[in-house]
Structure formats: structure tokens, C-alpha cells
Amino acid sequence: MAEKLEERLQKGERAAAGGPQSADGTVTMSDQETMFRTTMAAAQVGIFVLQDQRFRFVNPFLAGLLGYAEEELIGRMGPLDVVAPEYHGIVVENMARRAAGVAGHAYELVIVRKDGSRFPATVLGAAALIDGRPASVGTLLDISTQKAAEQRIRELADYDVLTGLPNRRLLQERFAQLLAAAERDQEELAVIFLDLDHFKRVNDSLGHSVGDELLCEVARRLGSVVRRVDTLARLGGDEFIFAMPGFHSAAAADVARRLLQVFARPFEIAGHELTVTPSLGVSIYPHDGEDLETLLRNADTAMYQAKEVGRNAFQFYSSEMNSKSLDRLLMESNLRRALQQNEFVLHYQPLVNLQSGLIVGVEALIRWQHPELGLIMPDRFIHVAEETGLINPIGDWVLCEASRQAQAWCDSGLPAVVMAVNVAPVQFRQSGFIEVVAGALATSGLDAGRLELELTERTVMHDADVNMGTLSALHRMGVELSLDDFGTGYSSLAYLKRFPVGKLKIDRSFVNDLETDPDDWAIASTIVSMGRSLRMTVLAEGVETTEQLALLRKMGCDMAQGYLFSRPVLAEAMADLLRRQPFVNR
């Protein structure tokens, strides 16, 4: 091969220098030499011949790849002139091997073009003889596309596609390194679990594209807090993780406060000004765990504790939280079983007209008849149901069962009464809530005007313009609407007069000390006056004494409910109260 290559090159040189010519002066070449040069010109890979560390031959493709003319390279330049300096050692070593006649193997290096730009390449050389002296013949392949694809694969494997932050896989890899250093240096290491509060509302109300843009902006702001040695990762959804070496509890608390401050300024996203808050949980190595999964789990537990204390806060992990977390998991599991095995029951409390003493309505109140623990009140399980999404099927069951019972009383000849049902915020905001109400009415046969949905001020006022559509649709169906716990929220009077609400319920906190606290009396009487002005019925909750009842009658309150009349009772006992009407003329 070496002899044939030498012969071809020598022929080419003679021709270029004015070798054998025809009578008309044109250069003559053999068919073999023509084939060789045509092949070299057409090749889409760089081909070169080296001798004495200089290019003896380069094909047009290689010259173009390097950005030089062929005459600039041949005889004047060598590999060290076009290879990045950090690769000179490996090039010198390979040229020496080829000169010694040793077969070559492909290796990678970085090429520097004439304009200074760089690209990765693979080089493969083979030993040869030219004019009886050692040389090497080789190929050079640009692998920029391959390297870019490899880099993209690594990014997809190690980085979050949306925010560009490390994902769980890369977090685990980096944390292993941080953990090894912490063990060696006997230092602490902080893990912070950050979750956005009510992020789902952004996606539900403004769309996932706005939600994604918000997450990207959050990632940029969070990145401004971390050091170069820290790792900020996104686990997915709205969950972000910080792994921070050399941090003890006090230092981690300072970082957590700075992270909260990051969210103090609203986010400008797609023309919307969004106020978002985070909840953070902090765990410290080695006190709260000696591996990533344990530290993450405990930081997650602490984060949920931060949500329970009001959100927009941070909490450090403590061992007591594990028992709370376990209780919560058990509660969730038991709630799912309770739904499947029909362990929920409804109790009913009368709503009394204060002028006539008639029971004109009842409020349905859920209880959990646990097979082992007995009757469980809603304040022990409703918050778990709301956090896990179980409130929707539970709330739907309450609507259907309460509607069925109201119609059953009517069918048995009892006085027709309004059935009041509490609606949780999550349940009210679920898609298809109007259809659920319509289905409960259709299945039970209950007239829509005898179903009253009780909503809190906060439920109604959150995204008031959006909720107006749902409220109006329910009103058009004929369903009655009331504002529960009125006076404890932040109702706008401008919205209140627009909402199709027919009843205000004075919160029991203003009734408890009605006889002794002039402020409570003033608030209650103001609500009564406002309700009358807006042509709404006003009902007082939590009435327990005759003195409270007398004051409410005096200020003109329309209705009341409370232990003074009856505790919540089962359907059979409520039917007896409806039959006897014991509060008339009382």
C-alpha cells in the first residue's frame, strides 16, 4: 500500500510540476492517477499524508474543514498547527508511533480552524513509506454533530427539560459526592425541600403554559441564592431541592429566609402579576438522616408542617413529625377504605325561624363511623381529605345522600324543608361541580329550591370573577346559596351585592360572647342590618343560651341554629323533630 501511495503522489507531483505532456501542451495522467485524485476530491472525510511532522498531502475536504487553502497546508504546516494545545502531547506521541511503523488506533482531539473556532474530531492514522522514508496516512472526521447529540442525551438524562436544573438522577450523583466530602471533613449538610403554595390554581386558572413560565422564573430566582458548591434541582411539578454542604441549622435558617424573600416580589408572567409563596422543609445531615432518600423524606415532612402552620414559612425536621406523617398516611388510607365501605354517615341540625319557631331547614353534617374508633368528627379528617383530593368524592357523596334524605322525608309526609350542605373550597373549584349538583338533584328527585349550598367567604372571594360564573349557573338551576362563617373573611361589598347569595350565616365566634362583648353585639347587629338591606336572610350559628336568642331576636335576626335547639342528630331523630316542631311559640 505504501509503495502504491508513493507512486501516486510522485505522479501527481510530476504532473503538477510540468511532467510528461502531449503535443498540444496539456498534462497527461494515467487513468489510475485520475481515479485517485477524483476520489480524494470527492471524499467527504478529511484525508492527509504526514511526513517529517508536515502535511505532504491534504484532500480538498480537509482543507475546507480547517479553513485553509491546500497550498497553505502542504509542506508548510503540520498537525501541531491545527490541534488545540492541550492535545499536542497525544499528537506527538501518535506521530512518533507512526514513524516507528506502529499501527494506529482512532483517538479524539480538538481541532482549531484558521479563524480560531474549534470542533471535536476523530483521527485514525496508518504507517506508510514515501520516498523510502517513514510517513503516515490518516483520516480526520468532524464529530461535532455526534458530540452535540451525546451532550443532548446527557442533558435529557441529567437535567430537567423545562427549567434546565439538575433532575433527581443528577441530584443523587452530586449528593453522593457532597456526602463523601461531608463524611471526610466531618461537616454538616443541609437539604431544603421547597414547594410552591397553591401552584395548581395557576395551572387551572391561567393554563399550563403560564404555569411552566412561572416555574422557569422561579428557578432563575432560586438560582440567585445558591453558591457554586450548592446543588439546586427540580424533582418535578413545583418541587425544588437544595443540597448545601457545610451548613448547620443556623446557616440553613438564614438561607431559608432568603428563599422566602425571593418570592416577596410578584412574578410578571404573560401579562399577569402573580403572587406566589413557598413552603420549605429543612433536614440536616447527619442528625436527620445519613442518605439522600432519608433526608429528602424528612425535609418533605417538615415542608408539610410548614404548610400546616400557614404556608410561606419554613420548618426544621423533628422526629415528632414522623409520627404525625405516619398518622396522616394512615388517615388517608382509612379514608379511602371508608369511602369504599360506606362508613360515612350524616347527622342533621335544625335551622329554626325565629319568628314562628318552625324548623324550616336542616344542615347536613358528615360524621365518620369508624368500625374500631367509633364516631369521628369532621375536624379530625376533613383537612386530610382536602389535601389528598378525597374531599371531592366525599363531598359528592354528601350532596347525593343529603338530597336523597330530604326527598325521603318529604315522601313520608313530613314538612318540606331546605337541606343545607357545606361545600369545601376544593370541591367547589373542581371541574364538573355543577354537573355533580345537577346529578344529585336528578337522582333524588329533590326540587332545586330545597337544596342550599353553604360556601365560605374565602371560597367565594378567591378568583371572584371566575366563581361568579359557577354561582350564577347554580342560581339559574334554582339552587339556594348561603355564605357560611360570615364576618371572618374578606368579602367585598361590591361583589357581595353581585353574588346571587340569599343567606348570610353569622359565625359562631360572634355569637359566643354576644351577651358580654359589645364588639360582638355590634358586628352581629351590623350583619343583620346589612343582610336586611340587601334583601338576604340572616342566620346565627352556635346559639346555646336563651340570652343569646333574645338578643338575636331583638336585633331582627331571621334564623338560628345551635345546641339551644338541638345537637346534630341522625335522620330518624331529625324526622321526629320535624314531625313534632317543638320550638313553635317557644
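If you're wondering where the values come from, they're calculated on a predicted model, not measured in any experiment.
At a cut-off of 3.5 Å, with distance as the only test, no side-chain donor of Asp558 or Thr537 sits close to an acceptor on the other residue. Side-chain contact check for Asp195 and Ser279: no donor-acceptor pair (N or O, by modelled atom type) lies under 3.5 Å. When only modelled atom types and interatomic distance are considered, His383 and Glu308 share no side-chain donor-acceptor pair under 3.5 Å.
The CD1 atom of Ile391 lies 10.0 Å from the CD atom of Gln430; values are rounded to the nearest 0.5 Å. From Ser525, atom OG reaches atom CG of Leu552 across 10.0 Å, with rounding to the nearest 0.5 Å. With rounding to the nearest 0.5 Å, the separation of CZ in Arg367 from CZ in Phe381 is 8.0 Å. Between atom CD of residue Gln581 and atom CG of residue Leu414 there is a gap of 9.5 Å, rounded to the nearest 0.5 Å. Here Leu232 contributes atom CG and Phe240 contributes atom CZ; the two are 7.5 Å apart, rounded to the nearest 0.5 Å. For the atom pair CD1 (Ile366) and CZ (Phe344), the distance works out to 5.0 Å, reported to the nearest 0.5 Å.
Using a 4.5 Å heavy-atom threshold, the side chains of Val218 and Val276 count as separate. Residues Leu471 and Leu455 are in side-chain contact: their nearest non-hydrogen atoms beyond the backbone lie under 4.5 Å apart. By the 4.5 Å heavy-atom criterion applied to side chains, Leu481 and Leu474 are counted as neighbours. Counting heavy atoms from C-beta on, the side chains of Gln261 and Val225 never come closer than 4.5 Å.
The 12-atom threshold is not exceeded at CZ of Arg567, counting heavy atoms of other residues, nucleotides or ligands nearer than 6.0 Å. More than 12 non-hydrogen atoms from other residues, nucleotides or ligands lie less than 6.0 angstrom from CD of Glu268. Shown here is His475, whose NE2 atom has no more than 12 heavy atoms of other residues, nucleotides or ligands within 6.0 Å. Heavy atoms from other residues, nucleotides or ligands lying under 6.0 Å from CZ of Arg337 number more than 12.
Between the side chain of Arg404 and the main chain of Ser444, no donor-acceptor pair closer than 3.5 Å is present. Between the Asp288 side chain and the Ile284 main chain, a donor and an acceptor come within less than 3.5 Å of each other. Panel note: side chain Arg553, backbone Leu354; a donor-acceptor pair is recorded below 3.5 Å.
Of the charged side-chain nitrogens involved, none lies within less than 4.0 Å of a carboxylate oxygen, so that Arg201 and Asp204 do not count as a salt-bridged pair. Using a 4.0 Å cut-off between charged side-chain N and carboxylate O, Lys505 and Glu452 make no salt bridge. By the 4.0 Å N-to-carboxylate-O rule, Glu293 lies too far from Arg297 to be salt-bridged with it.
Partners of Phe263 under the ring-ring contact (aromatic ring centres under 6.0 Å, His included) rule, at least two apart in sequence or in another chain, are Phe267. The salt bridge (Lys or Arg N to Asp or Glu O under 4.0 Å) test applied to Arg535 returns no partner, not counting sequence neighbours. Remark: Ala522 pairs with no residue by the side-chain contact (heavy atoms from CB on, under 4.5 Å) rule, at least two apart or across chains. By the ring-ring contact (aromatic ring centres under 6.0 Å, His included) test, His370 pairs with Trp368, sequence neighbours left out.
Listed by first then second residue, pairs satisfying ring pair (Phe, Tyr, Trp, His ring centres under 6.0 Å) with a partner in residues 395-427 read Tyr348-Trp409, not counting sequence neighbours. The stretch residues 415-439 participates, sequence neighbours left out, in these ring pair (Phe, Tyr, Trp, His ring centres under 6.0 Å) pairs: Phe428-Phe433.
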